[in-house]
Chemist: 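One structure coming up, written as structure tokens, with questions to follow.
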Amino acid sequence: MPASNSAEQATTPELRPVAELSFEQARDELALVVQQLEQGSLPLETALRLWERGEELAARCEEWLKGARERLERVRAEHRADSEADA
């Protein structure tokens, strides 16, 4: 693999593992990744690494959203059960 240049280092700082990120952190970093990729001026290797990071971030956001949906469905089901018991 070629040595990193300063442009690459500027766009790929030391990053926290995706699994440790909150929804908001993953979402915000994903927005930055998209912004950098849309500029189109990155070296290919850097762009590929950013793309891969973006895929991981998007998956993390989906995990958070899936968990939120499941929580809402549980609360709705509990509310329906309580309403039916009161009826």
Side-chain angles (χ1 to χ4, degrees):
M1 186 178 279
S4 296
N5 64 33
S6 60
E8 268 185 72
Q9 291 171 348
T11 57
T12 55
E14 202 57 41
L15 301 170
R16 285 180 52 198
V18 172
E20 294 179 6
L21 300 177
S22 69
F23 172 78
E24 292 79 7
Q25 291 167 325
R27 179 203 59 209
D28 293 348
E29 187 180 333
L30 180 57
L32 291 173
V33 166
V34 169
Q35 183 180 38
Q36 287 180 316
L37 288 171
E38 286 178 341
Q39 290 176 359
S41 59
L42 298 171
L44 179 60
E45 188 61 34
T46 302
L48 289 173
R49 277 199 304 274
L50 275 173
W51 179 270
E52 290 167 346
R53 178 74 175 183
E55 289 288 330
E56 293 172 3
L57 292 165
R60 181 66 174 154
C61 288
E62 277 297 316
E63 289 174 18
W64 276 106
L65 291 172
K66 180 181 176 194
R69 268 188 237 105
E70 290 170 355
R71 284 178 62 189
L72 287 171
E73 289 170 7
R74 269 196 313 272
V75 169
R76 284 181 179 167
E78 290 171 6
H79 181 69
R80 276 194 301 269
D82 288 347
S83 294
E84 291 171 0
D86 291 341

Chemist: Could you tell me the separation between the CD atom of E56 and the CG atom of L21, rounded to the nearest 0.5 Å?
Modeler: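 Answer for the CD-CG pair, E56 versus L21, is 10.0 Å.
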Chemist: May I ask whether L30 and W51 are part of the same hydrophobic cluster, defined by side-chain heavy atoms of I, L, V, M, F, W, Y residues being less than 4.5 angstrom apart, directly or through others?
Modeler: yes
Chemist: Looking at R27 and C61, what are the two nearest heavy atoms and their distance?
Modeler: N-SG, 3.6 Å
Chemist: Please determine whether a side-chain nitrogen of the Lys or Arg among E63 and K66 lies less than 4.0 Å from a carboxylate oxygen of the Asp or Glu.
Modeler: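 Between K66 and E63 there is no salt bridge, as every charged N stays at least 4.0 Å from the carboxylate O atoms.
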Chemist: Quick check on side-chain contact (heavy atoms from CB on, under 4.5 Å): which of Q25, R53, E29 does V18 satisfy it with?
Modeler: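 Of all the options given, the one that passes is R53.
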Chemist: Hey, does the side chain of R60 reach the backbone of A19 with a donor-acceptor pair shorter than 3.5 angstrom?
Modeler: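 Yes.
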Chemist: Salt bridge or not for E70 and R74, using N-O below 4.0 Å?
Modeler: no
Chemist: Do W64 side-chain atoms and A59 backbone N/O form a donor-acceptor pair below 3.5 Å?
Modeler: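 Absent.
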Chemist: Should L32 and Q35 count as side-chain neighbours, where that means a heavy-atom distance under 4.5 Å?
Modeler: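 In short, these two side chains touch, coming nearer than 4.5 Å.
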Chemist: Quick check against the 3.5 Å criterion: does T46 have a side-chain atom that pairs as donor or acceptor with the backbone of L42?
Modeler: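 No: the side chain of T46 does not pair with the backbone of L42.
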Chemist: Find the distance between CD (E78) and CD (E73) and round it off to the nearest 0.5 Å.
Modeler: 12.0 Å
Chemist: Verify the cluster assignment for L65 and V33: are they in a single hydrophobic cluster under the rule of side-chain heavy atoms below 4.5 Å apart?
Modeler: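 No, no single cluster joins them.
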Chemist: Take atom CZ of R16 as the centre, draw a 6.0 Å sphere, and report whether it contains more than 12 heavy atoms from other residues, nucleotides or ligands.
Modeler: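 Yes, because the 6.0 Å sphere around CZ of R16 holds more than 12 heavy atoms from other groups.
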Chemist: Could you walk me through whether E45 and R49 pass side chain to side chain contact (heavy atoms under 4.5 Å, CB included), step by step?
Modeler: CA-CA 6 Å; E45 188 61 34; R49 277 199 304 274; 3.1 Å; yes
